[in-house]
Each structure stands twice: as structure tokens, then as C-alpha cells.
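Hydrogens, waters and symmetry mates play no part in the numbers below; they use all other heavy atoms, side chains included. Proteins come first, then strands; the chains are lettered A, B, ... in the order of their sequence lines, and each starts at number 1.
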Protein chains: 2
Amino acid sequence: MTLGAKVADTIDRDSYIPAYVQLADILRQQIAAGVFKPGDQLPSEAQLCRRYNVSPMTVRRVINMLVDEGVVVAIQGRGTFVKPIELGTAFFSLQDFQNLFTNQEESRVKLLETRILTADQRTAQKLAVEPGRRVVFIRRLIFQTGQPVLYHKEYLVYDPYRPLIEAEMEVTSLYGLFSGKGTNLKWGELSIEATVLTEEEAELLKSSAGTAAFRLEHIFYDFEDHPVSWGWFICPSNRLRFRTTVGVRGKERTG
Amino acid sequence: MTLGAKVADTIDRDSYIPAYVQLADILRQQIAAGVFKPGDQLPSEAQLCRRYNVSPMTVRRVINMLVDEGVVVAIQGRGTFVKPIELGTAFFSLQDFQNLFTNQEESRVKLLETRILTADQRTAQKLAVEPGRRVVFIRRLIFQTGQPVLYHKEYLVYDPYRPLIEAEMEVTSLYGLFSGKGTNLKWGELSIEATVLTEEEAELLKSSAGTAAFRLEHIFYDFEDHPVSWGWFICPSNRLRFRTTVGVRGKERTG
DNA sequence: TAGTGGTCTAGACCACTTA
DNA sequence: AAGTGGTCTAGACCACTAG
């Protein structure tokens, strides 16, 4: 029942593909083909060195890659073993999400509102300022190929001495918010919830209230670890789906 | 405004912490502190070798780690540069999700129904069998500390020659489905949507219809790349939230 | 004690970029 | 041509596990 495998089992030293990539592919394919099943022990590093004529460092690098990928687990003194697939090792990328507003040709950001108001209890807590402090409030609508796909609300700390905010208010493209224009943001916390559209959201997104949607909340911090931005994106579920695979599948990582 | 930093800037060779971890921490902290800001070029590998008295391979390993983490980008012939934070580089782990039913002490799985039926059009397509083929249908409810948190529906290909299924039907703990008991599953495709609870789901989950929920769909394949399981989990949003961080934050990875 | 993985060295050669 | 990262060698020593 095994499919005919055109799998190389030696390292081609003349190939432009690095040896460590070739070896990683070989091992991954063997695992995928069932040569090594979950729980099985891989050949020792010394054996792999001899079998494929590579140095210990190269084998080590390959093993490290597979460990990082969650394909195998290496235990000192015992050996390297194939990991069974676990849901918990799966992860979902936000790349598809970011693409919603960084496809420069097809994406457009419309600034709905921007004004200064005083922070209420919740906003003040999120931004770590005193309630009543002035904050900048921004609402944006993101279009993809003419259709509204994302609704964004954001609160920014207002500090006359901090030029960031003034520049921020001019930003009509969210791309600049994250992707390096401002070197002000150091890190952020993100969370995803499921929610249903409110009347306001539904109207803007040309959907109907009660429709299922993702809510992606964010807090961004500056280099002094002070929050500078709190907000969230609303995206109807039918316009975004997170996909991934688990187990031995998928191509090479950056290494 | 910079906080007093108790950051080491040399490698302690007597420490039990590996040199490559120490160096990675040093660079990460310098980036986090703003010594190197997004877009800045890091010292060359040769400079790092001299500065910290480590071999080129060790420096290379550190750079590779930071590249994998998405903290820096290395460009051949030009240098290594600090990456601005990008939403697209963030990823969400399913670990919290798996914990919902693998905390053995607090989790309980109740088998609601298990029966054999014939595949309808959609099921047949997902499982890559002919419509009308017999499949196993299973419904489960997962409790956490006595409260229902997950509702699971699953279709399995029915094959008398394949012992997996028979064993599967006995499984009351989903843990065995994924975590290695059966070495039958090779890989799976997962996707997450936002949805709202149906009447049936709401009743079982002791919630109300129309409540926001996550829907995690899965297809698992065997070593011949044939689908063996298609199904989905329903989890009310108030019982699960996906969190992550983006940018320079977070501890060491397995390396 | 033998075998395993974990770390590290001190280079080498290559490909690429910039000037 | 000079400088950068990308790959790789041929070992070394260590920590850990098992019989």
C-alpha cells in the first residue's frame, strides 16, 4: 500500500541545496512514510554521521531543526524519538490576518473618526494611566477589494512630549502602525476571542447583528514598557479563517 | 528614563547556562532596551566573536535562533538587522485548547453517542470516500471542573480491516486520540472559525443559542495520507481565549 | 562502562553585497 | 576588493542514561 517513493536517501554534495536541508528532508520524509513511527528512536547522531557522510555539527543542526519543528524530541543520554502528533503543538499564524490590510493594491484604510477624550476606568487601566487622562481615540474601517473586512478601534496615550501620537493620527494605512515606520513600538500582547457583531459593527461591515466574528485585541508597548496603544479589530468570521497543519507536513522553515 | 539594567554584557564561562543562550539573552535584552532599534544593524558575526570571545559557530547558532524567533533578519552580504514588530509574525498556540481536555484530574469526557451511519455528500467528500459508505459517528462532551466546555462531533471511516476505529470508539478520553496511544495518525489539518451556538450546542454547553463560540475543525490522515477522521470542536468564547505576544518578549525556546 | 545527546572550538570555503 | 552572512569540517569535552 506504500506509495512509490522517489525519495533520495543520500546527500547530493553537488546540489545547491544545503546538506542540512537535504538531511532534514530525508528524515522528515522517512517519518512521514512511517519508516520511523511515533515513539520510535531515530538512529544515533554518530550513526547518521556515518550513514550520510556529514559532520556531527551538521547532524546536530538537523536534529535541532526537527526538535524546533516539534517532529522529534531529543533526550540526553537516551536518544532522539519521533513525537506523536499533539494538538497542543499546533499554532496559527496571523499572516492571513495581516494580509487583510497589507495587500497594498487591494487594501484601503478609511479613517472614520479621530478625537481626544478622557480615559474611562477600563481604558485607563489598559493604558496604565490615571482615569480622566486624555487619550486619542481612533476608529478605522479596512476594505479589501472594495468590501469592508475589518473594523478597528484604538486608544492611544496622549502625550504632547511624545511625537508618536501626532504622527499616528495622520496614519491612514495601518501598515505603518506595525511594520517599522515608527520604531517606537517594542512589543505587544494579542488575544483572540469569538464574538458577535453589534448593530454598529454590523452596519459598518455590511453584515447583520449577531453574526459570528473574531475580535483581536492588542496592547502595544514602547521601549520603556509603557502601554501606548490599546484597541481591537473586529472581523466577520466568513472573511477570515485560521488554518494550520499538525504533524509531519509542511515545508522547510527558515532555519 | 531608561530603567537601571542589571544586564550582563559578558559570557560567564563558569555558568551552567550555555554560552549560546547567554549571548542570545544579551542580544535580545539589548534589542528590548532599545540599544538596537528596528532597522538597526547588529554587529557583524566576526565582531560578536571578538566582543564575547566565542567561536563563529556559536555566534551563528545565536543568530539563527534570533532569526527563527523573528527578532532579526540576516541578509547575506549585507548584515543582520533588527526586525520591526509585525502582526503577521505572531502565532497562537493550541496549548490552552488542549489543556481543556488533558488536565486529567479536572477533565472528564462523556460519550454522548456513537453509531454507524452512511456518509452524506459532505462527509464523504471530507473523508475521501464514496457517498453512502459507512462511517462511524461520535459525539462527545468534555467537562472541565464539572462544567461543560467543549462539544465534539467526529466522523471516522469505517473499515473492518482497520482496527483503529474499533478501538477509537472505546476511547472516552480524547487524550488518546492525539497523544500517541495510537500511532496511526500521521498528520492533520486544523482550522478555526468564529461561530454562534445552535440550540443543540447551547443546551449541551449550558449556554444560550446565539452565543459566540470557536469552531475548531480537524481532519486527520493516516500514513497512507488517507483521511480517517473529520470533525470539529465547539467551545464558547467565554471559556477559551487565545493569547500571544509579538516583538521582543518571551523566554528561551528549546534550541 | 558504553552509548547517547549537548555544547563548543578554530578554523575553512563559498555566495552575496557594496563600493 | 573588502566585508558580510551561509555552510561545513573534524574533532573535543561534558552530562546524562542505561545495563
Q. D:dG5, D:dT7, D:dA10: which one has an atom nearest the side-chain heavy atoms of A:Pro56?
A. D:dA10
Q.
Check the phosphate of D:dG11 against A:Ser55, side-chain N and O only, distance under 4.0 Å to OP1 or OP2. Yes or no?
A. no
**Q.** Consecutive-pair stems (3 or more, Watson-Crick or G-U, under 3.5 Å) for DNA chain D
**A.** C:1-18 with D:1-18
(Q) Measuring to OP1 and OP2 of C:dC8, would you say a side-chain N or O of A:Arg61 lies under 4.0 angstrom away? (A) no
Q: Please state how far atom OH in B:Tyr52 lies from atom C1' in C:dA10, giving the value in whole angstrom units.
A: 21 Å
Q. Whole-Å distance between D:dG5 P and B:Leu27 CG?
A. 12 Å
Q. NA contact type, A:Ala19, heavy-atom cut-off 4.0 Å: base, sugar-phosphate, or nothing?
A. sugar-phosphate
Q: Can you tell me the distance, in whole Å, between the CD atom of B:Gln41 and the P atom of C:dT17?
A: 14 Å
Q: Could you state the atom-to-atom distance from CD of A:Gln47 to P of C:dG3 in whole Å?
A: 11 Å
Q) Can you tell me if the side-chain N/O atoms of A:Thr58 get under 4.0 Å from OP1 or OP2 in D:dT9? A) yes
(Q) Can you tell me which nucleotide in D:dT7, D:dT17, C:dG5 comes closest to the side chain of A:Arg78? (A) D:dT17
Q: Examine the side chains of A:Gln22 and A:Tyr52 and answer whether a donor and an acceptor come within less than 3.5 Å of each other.
A: no
Q: Round to a whole Å and report the spacing from CD of A:Gln22 to P of D:dT7.
A: 12 Å
Q: Indicate whether the side chain of B:Thr80 and that of B:Gln41 have a donor and an acceptor atom separated by less than 3.5 Å.
A: no
Q.
Between A:Gly79 and A:Met57, which residue's closest nucleotide on DNA chain C lies nearer the 5′ terminus?
A. A:Gly79
Q: Identify which nucleotide among D:dT9, C:dG5, C:dT7 has an atom closest to any side-chain atom of A:Glu45, counting heavy atoms from C-beta outward.
A: C:dG5
Q) Between A:Phe223 and B:Lys37, is there a cation-pi geometry (under 6.0 Å to ring centre, at most 45° from the normal)? A) yes
Q | Protein-nucleotide distance (A:Ile11, atom CD1; D:dT9, atom P), rounded to Å | A | 9 Å
Q: Examine the side chains of A:Ser107 and A:Gln144 and answer whether a donor and an acceptor come within less than 3.5 Å of each other.
A: yes
**Q.** Between C:dC8 (P) and A:Asn64 (CG): distance, integer Å
**A.** 12 Å
(Q) Over all strands shown, is A:Ile63 touching base, sugar-phosphate only, or nothing at heavy-atom distances under 4.0 angstrom? (A) nothing
**Q.** Pair A:His218-A:Trp230, side chain to side chain contact (heavy atoms under 4.5 Å, CB included): steps then yes or no
**A.** CA-CA 6 Å; A:His218 61 80; A:Trp230 169 58; 5.9 Å; no
**Q.** Side chain of A:Pro18 (C-beta onward), nearest among D:dT7, D:dT4, C:dG5
**A.** D:dT7
Q.
Counting the benzene-type ring for Trp, do A:Phe36 and A:Phe81 have ring centres under 6.0 Å apart?
A. no
Q | Short side-chain to backbone donor-acceptor contact, A:Gln98 and A:Gln95, under 3.5 Å | A | no
Q. Is the distance between the ring centroids of B:Phe97 and B:Phe242 under 6.0 Å?
A. no
**Q.** d(CZ, B:Phe81; C1', C:dT17) in whole Å
**A.** 10 Å
Q: Could you say whether A:Arg13 or B:Ala46 is positioned toward the 5' end of DNA chain D, judged by the nucleotide with the nearest heavy atom to each?
A: B:Ala46
Q: With the side chain of B:Gln76 defined as its heavy atoms from C-beta on, choose the nearest nucleotide among C:dG11, C:dC16, C:dT7.
A: C:dC16
Q. Do the side-chain N or O atoms of A:Tyr20 get closer than 4.0 angstrom to the phosphate oxygens (OP1, OP2) of D:dT7?
A. yes
